[in-house]
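See structure below.
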Amino acid sequence: MRKEGRYEERKEAMSLHQEPIGPIPEETVRVAQAVFRQGNRCIRLREALGTIFDDKEFADLFSSTGRPGEAVWRLAVVCLLQFVEDLSDRQAAEAVRARIDWKYLLGRELTDPGFDFTLLTDFRARLLAGEAEQRIFEILVQRLSDGGWIKKRGVQRTDSTHVLAAVRRLNRVELLGETLRAALNTLAESDPDWLRSWVPEEWFERYSRRIEEWRIPGAKDQQEKVMKQIGEDGAQLLTQVWDDQASSTMRSLPTVEGLRQIWVQQFDWEEGQIRARNKDDLPPAHLTLRSPYDHEAHYGHKRDLSWYG
């Protein structure tokens with residue numbers, strides 16, 4: 001298991017300072033047209049629907065004071081793209097930084113570094129807290145209807161809670177996978193001979209890369225299958241660490257203790273089988289561990305401000 005640099009989940013208070021949406025930067029247009037001569041989905045979306053959203057449509061969810069945050073219309077568009085392409089928050093933020101077609105749709109300079117992935121989590125939390133989870137899809141359907149892309153046949157309905165739930169599952173898979181990977185990396189440094197003596201060979205391939213680099217399937221049953229596999233592997237590791245033949249010092253390693261706590265919070269046993277807890281069985285949000293590397297980081301909420309820290 002290759003050890004990489006630590007990451008921290010950071011979140012700053014977002015405020016909304018509405019600014020006019022400008023045109024796509026000239027250099028972004030020139031490069032995108034040269035690279036995608038036949039066009040592509042993102043380019044066609046921008047040409048057909050413009051920016052899709054406007055900051056004022058989400059103004060009631062944000063404070064007007066404080067440090068200016070990322071343009072909210074962009075976060076809404078990224079959430080749509082994230083769902084369409086089955087991307088985790090980290091993968092979506094990386095696409096904003098690296099992909100020309102996304103920069104075209106979002107009106108970004110080619111040199112723009114993007115934003116921290118935690119802003120997507122914060123944006124969805126605000127939608128839920130403001131009971132506005134339907135808003136993205138209601139606006140999108142209205143834009144499509146106004147442009148003649150869809151026709152009314154009675155009542156049109158969208159279920160954005162399905163999208164929010166799918167993205168939450170992806171975030172949960174990331175947390176579980178990275179927690180197990182962090183524990184394995186620490187144990188590989190602490191006692192590599194002990195780890196090599198029993199660890200299944202396929203684990204080296206499975207957990208050698210950061211979890212956000214995985215191509216996690218979009219279907220709910222497949223995501224749950226991935227969570228179950230990670231849960232079983234983590235339970236096997238904990239069993240080995242607490243075996244009488246294992247050194248007691250391994251149990252006091254912070255990443256191993258984090259693994260134990262997160263597995264207690266995220267899984268339970270049913271008829272001898274480990275299973276991921278459903279959302280109603282999870283601990284309160286302010287008690288749930290959110291990072292494999294910082295066990296003091298919890299969810300906080302006060303008035304119109306929410307954060308991890």
Side-chain angles (χ1 to χ4, degrees), residues 1-7 9 82 86-92 94 117 121 165-190 194-196 198-243 246 250-251 253-283 285 287-295 297 308:
M1 290 69 178
R2 178 170 49 88
K3 185 172 183 179
E4 299 179 17
R6 289 174 43 154
Y7 75 87
E9 294 181 331
Q82 180 180 8
D86 296 330
L87 301 178
S88 67
D89 284 353
R90 287 179 181 272
Q91 290 169 329
E94 175 65 15
F117 75 97
T121 304
V167 175
R168 279 200 300 270
R169 283 197 303 273
L170 286 174
N171 291 342
R172 195 173 175 188
V173 171
E174 280 193 5
L175 171 65
L176 297 174
E178 190 62 20
T179 297
L180 177 53
R181 202 180 75 88
L184 287 168
N185 283 334
T186 302
L187 290 168
E189 290 187 343
S190 174
W194 172 84
L195 192 63
R196 281 194 297 265
W198 68 268
V199 71
E201 185 176 349
E202 61 267 21
W203 284 23
F204 290 97
E205 173 63 25
R206 188 176 301 158
Y207 300 108
S208 63
R209 296 176 292 118
R210 295 186 73 92
I211 305 307
E212 63 266 20
E213 296 176 7
W214 292 18
R215 188 64 178 178
I216 300 172
K220 178 181 177 180
D221 60 334
Q222 293 299 312
Q223 290 178 5
E224 291 176 346
K225 184 178 179 180
V226 173
M227 276 198 292
K228 187 174 188 298
Q229 179 67 68
I230 295 173
E232 291 173 347
D233 293 346
Q236 184 178 354
L237 176 59
L238 290 170
T239 299
Q240 292 289 341
V241 170
W242 261 263
D243 186 88
M250 290 190 291
R251 301 165 199 164
L253 294 171
T255 54
V256 174
E257 174 58 17
L259 176 70
R260 185 191 67 81
Q261 291 186 41
I262 289 175
W263 254 238
V264 170
Q265 293 179 346
Q266 298 287 336
F267 296 98
D268 63 8
W269 290 84
E270 188 175 89
E271 298 180 354
Q273 297 291 321
I274 192 171
R275 70 171 183 87
R277 297 179 185 272
N278 61 46
K279 63 179 182 179
D280 296 327
D281 293 332
L282 293 171
L287 297 178
T288 304
L289 272 64
R290 299 287 180 170
S291 168
Y293 304 104
D294 184 358
H295 303 151
Y308 289 118

Could you work out, with side chain to side chain contact (heavy atoms under 4.5 Å, CB included) as the rule, every residue matching [X], not counting sequence neighbours?
| X | value |
| --- | --- |
| Asn278 | Asp280, Asp281 |
| Pro254 | none |
| Arg251 | Val241, Trp242, Ser248 |

Inter-residue atom distance [X].[atom1] - [Y].[atom2], 0.5 Å rounding:
| X | Y | atom1 | atom2 | value |
| --- | --- | --- | --- | --- |
| Glu174 | Phe117 | CD | CZ | 7.0 Å |
| Leu238 | Leu259 | CG | CG | 4.0 Å |
| Thr186 | Glu257 | OG1 | CD | 13.0 Å |
| Leu184 | Phe204 | CG | CZ | 8.5 Å |

Under 4.5 Å between any side-chain heavy atoms of [X] and [Y], yes or no?
| X | Y | result |
| --- | --- | --- |
| Leu237 | Trp198 | yes |
| Thr239 | Asp243 | no |
| Arg172 | Leu282 | yes |
| Pro200 | Arg206 | no |

Listed by chain and number, what are the side-chain hydrogen bond (donor to acceptor under 3.5 Å, both in side chains) partners of [X], not counting sequence neighbours?
| X | answer |
| --- | --- |
| Glu201 | none |
| Arg196 | Asp193 |
| Gln240 | none |
| Gln229 | Asp233 |

>> I'd like to check the salt bridge (Lys or Arg N to Asp or Glu O under 4.0 Å) partners of Lys228; sequence neighbours left out, ordered by chain and number.
In response: Glu232

>> Going by salt bridge (Lys or Arg N to Asp or Glu O under 4.0 Å), name the residues that satisfy it together with Glu202, two or more places apart in sequence or in a different chain.
In response: none

Any idea which heavy atoms bring [X] and [Y] closest together, and the distance?
| X | Y | value |
| --- | --- | --- |
| Leu180 | Ile230 | CD2-O, 3.9 Å |
| Ile274 | Ala235 | CD1-CB, 4.1 Å |
| Leu175 | Leu289 | CD2-O, 3.7 Å |
| Thr288 | Gln266 | CG2-NE2, 3.9 Å |
| Arg209 | Arg181 | O-CD, 3.2 Å |

> Using the ring of each side chain (for Trp, its six-membered ring), is Phe267 parallel, tilted or perpendicular to Trp263, with breaks at 30° and 60°?
Replying inline: tilted

> Between the side chains of Asn185 and Thr255, does any donor sit under 3.5 Å from an acceptor?
Replying inline: no

